[in-house]
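Please read the structure below before turning to the comments.
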Amino acid sequence: VATQDARFRAPYRIAASPAMPRPPPPDPPSMLLSSLVLVPFIGSLLAAVMPANARNAESTLAGLIALFCAVQTALCFPAIADGSVLREEIAWLPTLGLNFVVRMDGFAWMFCMLILGIGALVVMYARYYLSAEDCAPRFFACLLLFMGSMLGVVLAGNLLLLVVSWELTSISSFLLIGFWSHRQDAREGARMALSIVSCEASSAADADLSRDSASSRDCWRVRRALAK
């Protein structure tokens with residue numbers, strides 16, 4: 001009986017199920033990267049035309065813009081974690097080959113989250129730090145301009161957008177540092193920041209132009225367009 005039981009107990013092996021392929025990450029919404037750069041500039045214009053006594057509305061607007069851009073950036077994380085590089089290109093001057101190009105990789109994603117997170121904290125702090133006599137619309141307009149300029153520097157996909165964003169960063173930092181223009185130390189610090197950032201921008205542009213022939217062609221296209 002034992003031999004018959006052993007004969008009918010045929011050894012069997014459980015086959016391992018094949019590994020299921022990992023689904024691709026969801027595509028981010030269209031116009032996502034360009035909105036990260038453009039929305040702070042639009043908010044800066046809105047904050048500039050608000051009344052001077054609407055400090056709560058201005059801080060709320062700036063905070064909502066920072067939160068909106070942070071959520072938009074977070075939506076890009078699945079694609080970035082998968083190793084993708086997001087890129088968006090909008091035709092600007094197609095006859096000259098000049099386009100609005102933004103791109104995001106893992107390094108740019110990290111800096112976008114830093115800019116938006118620190119910007120939201122600054123907005124919350126400034127809401128209670130500014131006095132009633134300070135011009136809140138001008139401060140929050142400059143702050144949103146600086147935030148959008150920094151995002152443009154981080155997400156720039158060509159030399160043209162990089163230089164424009166960097167120059168806007170120098171202008172907005174000049175306005176923020178010299179916000180209390182009645183103080184001499186604020187005026188001196190603003191002039192120093194403007195000169196330093198402008199020199200850094202020109203040095204970086206010269207280095208890129210001497211290294212990259214494509215960037216040189218972009219610069220010459222800009223010069224020909226301005227000459228016309």
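- Side-chain atoms of Leu36 and Met104, non-hydrogen and from C-beta on, do get closer than 4.5 Å to each other.
- Under the 4.5 angstrom side-chain criterion for Ile, Leu, Val, Met, Phe, Trp and Tyr, the cluster partners of Leu121 are Met124.
- Considering only residues two or more places apart in sequence or on other chains, Ala70 meets the side chain to side chain contact (heavy atoms under 4.5 Å, CB included) condition with Leu116.
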Going through the checks in order, is the side chain to side chain contact (heavy atoms under 4.5 Å, CB included) test met by Leu86 and Leu33? CA-CA 8 Å; Leu86 305 180; Leu33 297 182; 3.9 Å; yes

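- For Tyr125, the ring-ring contact (aromatic ring centres under 6.0 Å, His included) partners at least two apart in sequence or on another chain are Tyr129.
- How far CD1 of Ile115 is from OG1 of Thr73: 9.0 Å, rounded to the nearest 0.5 Å.
- Counting all heavy atoms, side chain and backbone alike, Val123 lies closest to Ala62 at CG2-CB, 3.8 Å.
- You'll find the side chain of Ile90 reaches within 4.5 Å of the side chain of Glu88, heavy atoms only.
- Residues Ala108 and Leu155 come closest through the heavy atom pair CB-CD2, 4.2 Å.
- With hydrophobic clusters built from ILVMFWY side chains whose heavy atoms lie under 4.5 angstrom apart, Leu114 does not share a cluster with Leu67.
- A donor-acceptor pair under 3.5 Å links the side-chain atoms of Ser173 to the main chain of Thr169, judged by distance alone.
- Applying the salt bridge (charged side-chain N to carboxylate O under 4.0 Å, His left out) test to pairs two or more places apart or on separate chains, none has a residue in residues 60-77.
- In this structure, Val39 and Gln72 have side chains that are not in contact, with every pair of non-hydrogen atoms separated by 4.5 Å or more.
- Sorted by first and then second residue, the salt bridge (charged side-chain N to carboxylate O under 4.0 Å, His left out) pairs with a member in residues 121-130 form an empty list; sequence neighbours excluded.
- A continuous path of hydrophobic side-chain contacts links Met113 to Phe77 [ILVMFWY only; heavy atoms under 4.5 Å].
- Checking side-chain atoms of Ser84 against main-chain N and O of Ile80 turns up no donor-acceptor pair under 3.5 Å.
- Evaluation of the salt bridge (charged side-chain N to carboxylate O under 4.0 Å, His left out) test over residues 61-76, restricted to residues two or more places apart or in two chains, returns none.
- Across all non-hydrogen atoms, the minimal contact from Leu61 to Leu46 is CD2-CB, 3.9 Å.
- For the pair Pro51 and Pro137, the minimum side-chain heavy-atom distance is 4.5 Å or more.
- Cys112 approaches Val154 most closely through the heavy-atom pair SG-CG1, 4.0 Å.
- Within the structure, the side-chain hydrogen bond (donor to acceptor under 3.5 Å, both in side chains) test picks out no pair touching residues 103-118 (sequence neighbours left out).
- Counting only distance, with no hydrogens or angles, the side chain of Asn158 and the backbone of Phe100 share no donor-acceptor pair below 3.5 Å.
- Side-chain contact between Val101 and Leu161 is absent, with no heavy-atom pair separated by less than 4.5 Å.
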Donor-acceptor pairs under 3.5 Å, side chain of residues 139-151 to any protein atom, not counting sequence neighbours: which ones?
from, atom 1, to, atom 2, distance (Å)
Ser149, OG, Leu145, O, 2.7

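- Scanning for ring-ring contact (aromatic ring centres under 6.0 Å, His included) contacts around Phe107 gives Phe111, with sequence neighbours left out.
- Summarising the geometry, atom OG belonging to Ser170 is positioned 7.5 Å from atom CG belonging to Leu168; distances are rounded to the nearest 0.5 Å.
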